[in-house]
Structures are given as structure tokens and as C-alpha cells.
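Because the structure is predicted, anything quoted here is derived from the model rather than measured. Chain A is the first sequence line, chain B the second, and so forth, proteins listed ahead of strands; every chain is numbered from 1.
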2 protein chains.
Amino acid sequence: MPDPSPLPPPEAGGPGRAANRSLSVTDQIRDAILDGTVSAGERINEVRFSKTLEVSRTPVRAALQALAGEGLLDYAPNRGFTVREFPLSAIVDAYEIRASLEGVAARFAAERGLSAEERAIIEESLVAGDKLLARGEFAEGDLTIYRGINGDFHDTLLGAARNRMLAEMIRICHHVPMSSSRNIVAFEHRDVRRRHDDHHRIYDAILAREPWRAEVLMREHVSGVKSSLVKSLIERGEQADIVHGSAAG
Amino acid sequence: MPDPSPLPPPEAGGPGRAANRSLSVTDQIRDAILDGTVSAGERINEVRFSKTLEVSRTPVRAALQALAGEGLLDYAPNRGFTVREFPLSAIVDAYEIRASLEGVAARFAAERGLSAEERAIIEESLVAGDKLLARGEFAEGDLTIYRGINGDFHDTLLGAARNRMLAEMIRICHHVPMSSSRNIVAFEHRDVRRRHDDHHRIYDAILAREPWRAEVLMREHVSGVKSSLVKSLIERGEQADIVHGSAAG
DNA sequence: TCGGATTGAATTGTATTCACTTTGCTGCGG
DNA sequence: CCGCAGCAAAGTGAATACAATTCAATCCGA
């Protein structure tokens, strides 16, 4: 195939991940937002993006509308889309919201029960975490590995809640910008150890079919991440007044 | 104006509510979904809608994407949009999620405090409710009035939480189809009286700056609506097995 | 009669074009 | 020097045309 087509499909990068250009463009723009290529508050120019991504304005507009639905963009009639700004307070609040939602998810999971496959994945994540933490300190790359373990645990539990709306809302909480890059929360070994212990207890409560205990534990678990974040922010000298109320948990 | 223009703007019905056609079409399609004009599970035909609404496919597609973002539609590449189905279990779950979220909102409001205007609106809603309920029974249309009073209370509190993500998520919970039309929950006077008392107590907690008490009360308050719904559904002979877990509260 | 490939209509995806709104500049008047 | 009217450029909104995919009916072959 010596390039006879006038359009070397932009998706040629991988083995055809996206089904159509709109979805592909959506992913690309989302990444650009999340990694800061386009900065917060910035107004998005449709023609510029369409030139950059080598597509027409149509899939770009579709992508922008989708991202507005995800809460990453604001829309104003006749003025287009702007990158939504997430002040520190909103990021902190997002953890609080996520804590509440994941608490409900844990309760639902405890009520509804886990499939054999789900139990397997979670138990694997628990064992893997125990093994990783056994040494008492982290090696290079261990944190990345644990991030995957942590994701498996939460994702599986969320799936066990068997409620799509809940899943989508939690996903939105995870996509709050800076909640990943700024979130260089003090990831000391002791903190991770404690959070992994939380996982054990949460799983116990779910297996024991104790919904409310599962909810409280999960809520406290996620809320703990928020507290770590707030603490590290304060230590770094950020203004504490941005954080209201029960900052220190 | 003897109709010289080829396009008598479809928005001519009112004093120009929507800023552009996409938004107007979004509202119209949303209404069609919520009131059951298009039934659940049905696949949406873009050209059909564009003919019915007398616009091109472009604003229709924009509207569909927006509604997919609101969770009312599902999207499948190359297959378009379908009206999402909300089984009874999902509707019940939505109340549970909303209870959790509004609980957080009440806590935030208690932490952040209310503006004078917000206090005024809430106190007015409390007084109006007291007056409406004083007679001991409902007249025709009283329930509609109370629905407005109830909305004022909740909306104002939600605004006082000062968090947009929270507001949007709760809004989504409210838009779950059938949560309004099927929700002919046993609206007996006694039930409404009790819920209005809840409002008083929640407001007291917020004024007293007791965040956690406000959260618990609000959560229980919304959860109570769910319980009423479940109870009335069971009484009507619907299958109770759809409702899992803590059905009866 | 059943299975499967094929073809054509229906439907969605994308590009292009035109219309309208916004916006910023320019120049005239105060 | 300030302010406002008007105009031009840029950008978004909508419609239309075209391409690609899906879906169903039909036709063939076993």
C-alpha cells in the first residue's frame, strides 16, 4: 500500500482504537486538556483544532459537545467552548463528592454481592498489594504499580455496584483536571500501607454483607486521600483558606 | 408580518427563550423523552426528528450529543442514539445517589454559610409550607404548590453548597425519567407534613453550623422519599424483587 | 428448506458552504 | 482626549452535499 489515499487516517497511530473520528478527536482533545496543553479558562477555537487534528469542524464540534457533557468544558451560545477552571477548592470538593459516591457504591456492592470473577480480581489486588508493601519501602516504579492495583480494586467494586449512573459520576470525579498531576500527594509508604489496609477491611465488610459498614469504610478511605492532599498542600505553603470546613478530616 | 421569510423561526412560540436552535431542540427532545413521546429503548432517527422539528440534522445531532452527556441517551458508533432505559431498580438507586449527594450539599452549605438572600428564600419556603399544611388536609392544587415550595428549598440549599459539579450531578438525578411521572408516591398529608418538618430541622442544623448533622438529616430526608416510593410500588403489586437491599429503609 | 453471500436502501459520519453573531478596530464627532 | 457609530475580520451556527457504514431483503447454492 504505497499511500494512494489522500487521507492517511489520523488514527493510524494504533491498531484502530476509535470507531470514528469524533471519538478519536474527543480523546485527543481530552488529553490536551488534562495534560495542560490547552490551559484552563482558555477559549477553544474550532478551526484551529480542526486544522491541527486534520479533520473538519464537524467532528471537532461533536468532541467539544461530548467533553462539555463530561464537565471539562463550558459552553456559551455564539461564543463557543472554554476550558473549565477547577480552583483548588473544587478539586478538594471533588474528593468529598467521590468519597460519598464510592461509599454508596461499596454499599450497593455489599447488598448485591460479588461475582466469582470480581472476587478473584479483588483478592488478587489485595495479595499483590500486600506483596508490594511487604518490604517496608518503595523501589523505583513501585508507586506506578500500586496505582494499577488500587485502580483494579476500586474499578471492580464500582462494577459490582451494578449502577451505571454511579459509575459515570465517579468517573467524572476522577477526570477533574489536576487531580492526577497536582495530586503528588505525600505518597509515603506508611500512607499507602494504611490505605491498603482500608482495602482489606472494605472487602471484609462486603464479603460479610454489611452494607453500611462497607459504605462508612469506603467513604473514610477516599476521604483520607483528600486529607492527605490537603495536608501536603498546606505543607507546601499553599493558601489554606481555599480549603473550607473539615480540612484536616 | 405577512410571512415573507422562508423560515418562520420555530422558536416563535415564546419570547425567544433559547439562544440558538441547538439548545431549543435539546429542550424539545428532552421533553419528548421525559414525557414518554419517544419510548425507552427506542432508537432515535436523526432525519425523522429534523423533519418533525423543522431544522437540519446539525442542531439535532448537537442536541442528541448533549442529551447523551446528560445520561438520557446511549450512543453507539455508526448506530446512533437510543433512549436509555431506566429499570425500576435504577430509579430507586437514583434516589439513593441523590440522597447521598444532597447530603453532601447540605454539609457544604452548613460549612460555607448562607447569604441573606438565601436565608430569606428558605425561610419563606418554610413559612409558606407551614401555612399550606396548617389546615390539616390538601385542597385541589395544593400539591402542585407544595412542589414549588419544596423545589425552592432544595434548589436554594444546593446553590449555597457553592459547587457546580455537585449541582450538575443532582440535576441529573432529578432528570431520571419516570422519577417525576411515575413518582405518584403516596402523597398523603401526613407524609408531606413530615417532610416539611425535615426541612425545618435541616435548616436549623445549617444555621447552627452543624455540617454533619445537616448531612445526616438531608440524607435521611431524601431517602425517605425513596422509601415512600418503594412502599407505594409494593402496595400496587409491582414486583418487589426489583428493589434490592434496604428497600423498606 | 436452510445458510450465506450480495446488493441496495436507509442511516449515520464527515466535509463544505453559507448565514449570522460577536468582536475589535478605525474614524468621525463631540 | 474620550466616546460612539460603523465597518471589517474572525468565529460560531446551521444547512446541504457527499462518503461510509449498517441493515434487511433477496437471490443463489447446497
Side-chain angles (χ1 to χ4, degrees), chain A residues 1 4-13 15-29 32 38 41-69 72-84, chain B residues 1 4-13 15-29 32 38 41-69 72-84:
Chain A
M1 254 195 219
S5 82
L7 261 184
E11 58 203 318
R17 313 206 323 279
N20 58 33
R21 295 186 194 186
S22 293
L23 296 178
S24 166
V25 168
T26 302
D27 289 339
Q28 295 183 65
I29 297 183
V38 295
E42 191 175 332
R43 192 164 157 184
I44 285 188
N45 188 318
E46 296 174 4
V47 295
R48 211 173 103 66
F49 264 96
S50 62
K51 279 178 192 161
T52 303
L53 303 177
E54 298 181 21
V55 295
S56 79
R57 275 176 58 209
T58 308
V60 171
R61 281 182 72 88
L64 296 179
Q65 275 150 356
L67 292 172
L72 287 176
L73 298 176
D74 281 329
Y75 172 73
N78 290 317
R79 295 190 53 191
F81 298 84
T82 56
V83 180
R84 192 180 287 189
Chain B
M1 252 190 226
S5 81
L7 260 183
E11 58 203 316
R17 311 206 323 280
N20 58 35
R21 294 188 193 184
S22 293
L23 296 177
S24 166
V25 168
T26 302
D27 288 339
Q28 295 184 64
I29 297 181
V38 295
E42 191 175 332
R43 189 165 158 182
I44 285 189
N45 188 317
E46 295 175 5
V47 295
R48 210 173 103 68
F49 264 95
S50 62
K51 279 178 192 161
T52 302
L53 303 178
E54 299 182 23
V55 294
S56 78
R57 275 177 58 211
T58 308
V60 171
R61 283 181 70 88
L64 295 179
Q65 275 149 356
L67 292 171
L72 288 176
L73 298 176
D74 281 328
Y75 171 73
N78 291 318
R79 296 189 52 192
F81 297 85
T82 57
V83 180
R84 191 181 288 189

Open item on the list: D/dG13, OP1 or OP2 - any side-chain N/O from A/R79 closer than 4.0 Å?
Closed with: no
- [ ] Check the pair B/R57, B/V47 against side-chain contact (heavy atoms from CB on, under 4.5 Å), reporting the backbone distance first and the verdict last.
- [x] CA-CA 6 Å; B/R57 275 177 58 211; B/V47 295; 3.8 Å; yes
Open item on the list: Please confirm whether the shortest side-chain N or O distance from B/R61 to OP1 or OP2 of C/dG13 is below 4.0 Å.
Closed with: yes
Task: Side-chain heavy-atom pair A/F81, A/V60 within 4.5 angstrom cut-off - done: no
Task: Test item: A/R79 and A/R43 side chains (from C-beta on) under 4.5 Å apart, heavy atoms - done: yes
Task: Whole-Å gap separating P (D/dC18) and CD (B/E46) - done: 19 Å
TODO: Give the rounded distance in Å between these two atoms: NZ of A/K51 and C1' of D/dT12.
DONE: 14 Å
Open item on the list: Just to be sure I understand the rule, does A/I44 reach a base, reach only the sugar-phosphate, or reach nothing, if contact means heavy atoms closer than 4.0 Å?
Closed with: sugar-phosphate
- [ ] Look at B/N45 and C/dT12 and indicate whether a side-chain polar atom (N or O) is within less than 4.0 Å of OP1 or OP2.
- [x] yes
Task: Nearest-angstrom distance from the residue atom CG of A/N78 to C1' of C/dT22 - done: 8 Å
Task: Side chains of A/I29 and A/L53 in contact at under 4.5 Å (non-hydrogen atoms) - done: yes
Task: Spacing of B/R43 atom CZ relative to D/dT21 atom P, expressed in whole Å - done: 16 Å
Task: OP1 or OP2 of D/dA15 under 4.0 Å from side-chain N/O of B/S56 - done: yes
Open item on the list: Measure CG/B/L53 against P/D/dA15 and give the value in whole Å, please.
Closed with: 11 Å
Open item on the list: Are A/I44 and A/T82 packed together at the side-chain level, in the sense that at least one heavy-atom pair is separated by less than 4.5 angstrom?
Closed with: no
- [ ] Report yes if at least one side-chain N or O of A/S22 is closer than 4.0 Å to OP1 or OP2 of C/dT14; otherwise report no.
- [x] yes
- [ ] Please report, rounded to the nearest Å, how far the P atom of D/dT12 is from the CZ atom of B/R21.
- [x] 19 Å
- [ ] Just call it for A/F81: base, sugar-phosphate, or nothing, with non-hydrogen atoms closer than 4.0 Å on any strand.
- [x] nothing
Open item on the list: Measure CG/A/N20 against P/D/dA19 and give the value in whole Å, please.
Closed with: 18 Å
Open item on the list: Go nucleotide by nucleotide along DNA chain C from the 5' end; which of A/P59 and B/V47 gets its closest nucleotide reached first?
Closed with: B/V47
TODO: Round to the nearest Å and state the distance from B/R48 atom CZ to C/dA10 atom P.
DONE: 15 Å
Task: B/R57 or B/A62, whichever maps to the more 5' nucleotide of DNA chain D - done: B/A62
